[in-house]
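See structure below.
Predicted model only: the values in this text are computed from it and were never measured. Numbering of ligands and ligand atoms starts at 1, following listing order.
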Amino acid sequence: MHITFCCTDTKPEPWIEGLRAALPDAALSVWQPGTPAADYAVVWAPPQEFLDQQPEIKALFNIGAGVDALLKCRLPPQARVVRLDDAGMSVQMAEYVCHAVIRHFREFDGYEADVKQGRWSYRKPRSRADCAVGVMGLGVLGARVARALQVFEFPVNGWSRSPKSIDGVRGFSGSGGFHDFLAASRVLVNLLPLTSDTQDILNRDTLSRLQPGGYVINVARGAHLVEDDLLALLDAGHLAGATLDVFRTEPLPAGHPFWTHPRITLTPHTSARTLRDESIAQIAGKIRALEQGEPIAGIVDPVRGY
Ligand code: NAP
Ligand code: GLV
């Protein structure tokens with residue numbers, strides 16, 4: 001069995017070492033033009049040339065949860081696309097989102113500014129009941145985030161394509177449930193996959209439907225958000241602020257208004273990182289299962305786009 005590694009911007013040696021330890025009988029390579037065709041590949045943003053040279057490949061293991069970039073390529077028709085299935089990401093996402101929600105809700109930015117001025121001042125406690133958090137996408141990450149937010153007793157709404165039942169989460173589904181979901185939420189957390197249905201979904205119309213003083217947390221993909229619409233709603237006062245981890249262009253270009261906006265907190269696409277050891281263990285386990293003809297979780301439906 002030949003496994004090849006083709007991940008842009010990722011140092012291959014530790015991955016190869018880890019895969020060798022997990023699958024000692026496999027032949028491993030770091031792909032470059034001319035490398036023989038493989039049975040399996042570990043990929044992130046691979047070049048089209050790589051995909052065109054894989055006539056027999058059984059599965060492409062994406063070392064991230066989101067497969068939007070991979071699905072833009074022309075894929076070998078027989079290849080299964082397999083996403084990372086949590087592998088240590090959901091707990092990171094839960095801590096990031098809870099941190100952002102609590103920081104907003106408890107006005108910690110305001111207190112920090114006061115302290116910097118040497119000011120000992122109190123703000124009026126906000127009502128938790130008035131701070132319903134809407135989680136868009138109730139998959140591997142969204143469901144974990146929705147459960148984590150309940151620990152802090154925020155009312156939690158969830159929106160997914162098909163109806164979902166999560167204890168304590170008010171569920172909405174489909175395009176028919178979208179406007180009611182937005183109207184019931186003040187803080188909006190985006191954890192949707194990027195597909196043709198969800199691109200630009202955070203726009204002037206949808207964000208205007210949030211309760212006044214709304215707050216946006218985008219941790220999915222930059223192309224979900226129409227950036228100028230967010231800025232306009234912040235300026236108009238309908239939105240109180242935003243925490244953004246993902247951007248239409250990454251790295252965020254120098255001079256972009258988000259860098260210095262007083263009500264935008266940003267991080268460099270780091271809310272849930274790929275953890276190498278966990279990912280290798282998961283991928284190796286799935287390769288063993290596939291070799292034995294067993295089913296695996298995390299196979300992407302290329303038509304649905306996630
Ligand atoms: P997932 O398990 O595939 O879950 C996707 C969820 O979105 C599902 O609940 C799905 O509904 C829902 N959905 C999809 N299309 C929809 C639509 N048109 N309308 C309403 N709901 C829709 O994905 P995940 O693992 O939770 O990851 C979500 C995304 O997070 C990834 O695709 C990636 O872009 C992003 N991500 C970002 C980072 C980061 O560091 N910033 C890290 C990891 C992932 P159903 O349940 O009905 O199918
Ligand atoms: C990161 O953004 C991922 O999709 O895993």
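- Counting only N and O atoms by type, the side chains of Thr267 and Tyr96 include a donor and acceptor under 3.5 Å apart.
- For the side-chain contact (heavy atoms from CB on, under 4.5 Å) test, residues two or more places apart in sequence or in another chain that qualify with Ala65 are Arg83, Met89.
- With contacts defined as side-chain heavy-atom distances shorter than 4.5 Å, the pair Thr8/Pro46 does not qualify.
- A donor-acceptor pair shorter than 3.5 Å cannot be found between the side chains of His238 and Ser208.
- Between Trp31 and Phe50, the ring planes are perpendicular. Angles over 60° get that label, and only those under 30° would be called parallel.
- Not counting sequence neighbours, Asp277 has no partner by the side-chain contact (heavy atoms from CB on, under 4.5 Å) test.
- In this structure, Arg128 satisfies the cation-pi test against Phe154, with its NZ or CZ atom closer than 6.0 Å to the six-membered ring centre and inside 45 degrees of the ring normal.
- Cation-pi geometry between Arg106 and Tyr111 is not met: the NZ or CZ atom fails to fall both under 6.0 Å from the ring centre and inside 45° of the normal.
- Listed by chain and number, residues touching ligand 1 at under 4.0 Å (heavy atoms only) are Ala65, Gly66, Arg83, Met89, Met93, Gly137, Leu138, Gly139, Val140, Leu141, Gly142, Trp159, Ser160, Arg161, Ser162, Lys164, Leu191, Leu192, Pro193, Asp197, Thr198, Val219, Ala220, Arg221, Asp245, Val246, His269, Ser271, Ala272, Arg304, Tyr306.
- A heavy-atom cutoff of 4.0 Å around ligand 2 is satisfied by the protein residues Gly64, Ala65, Gly66, Met89, Arg221, His269.
- Between Phe172 and Trp159, the gap from one ring centroid to the other reaches at least 6.0 Å.
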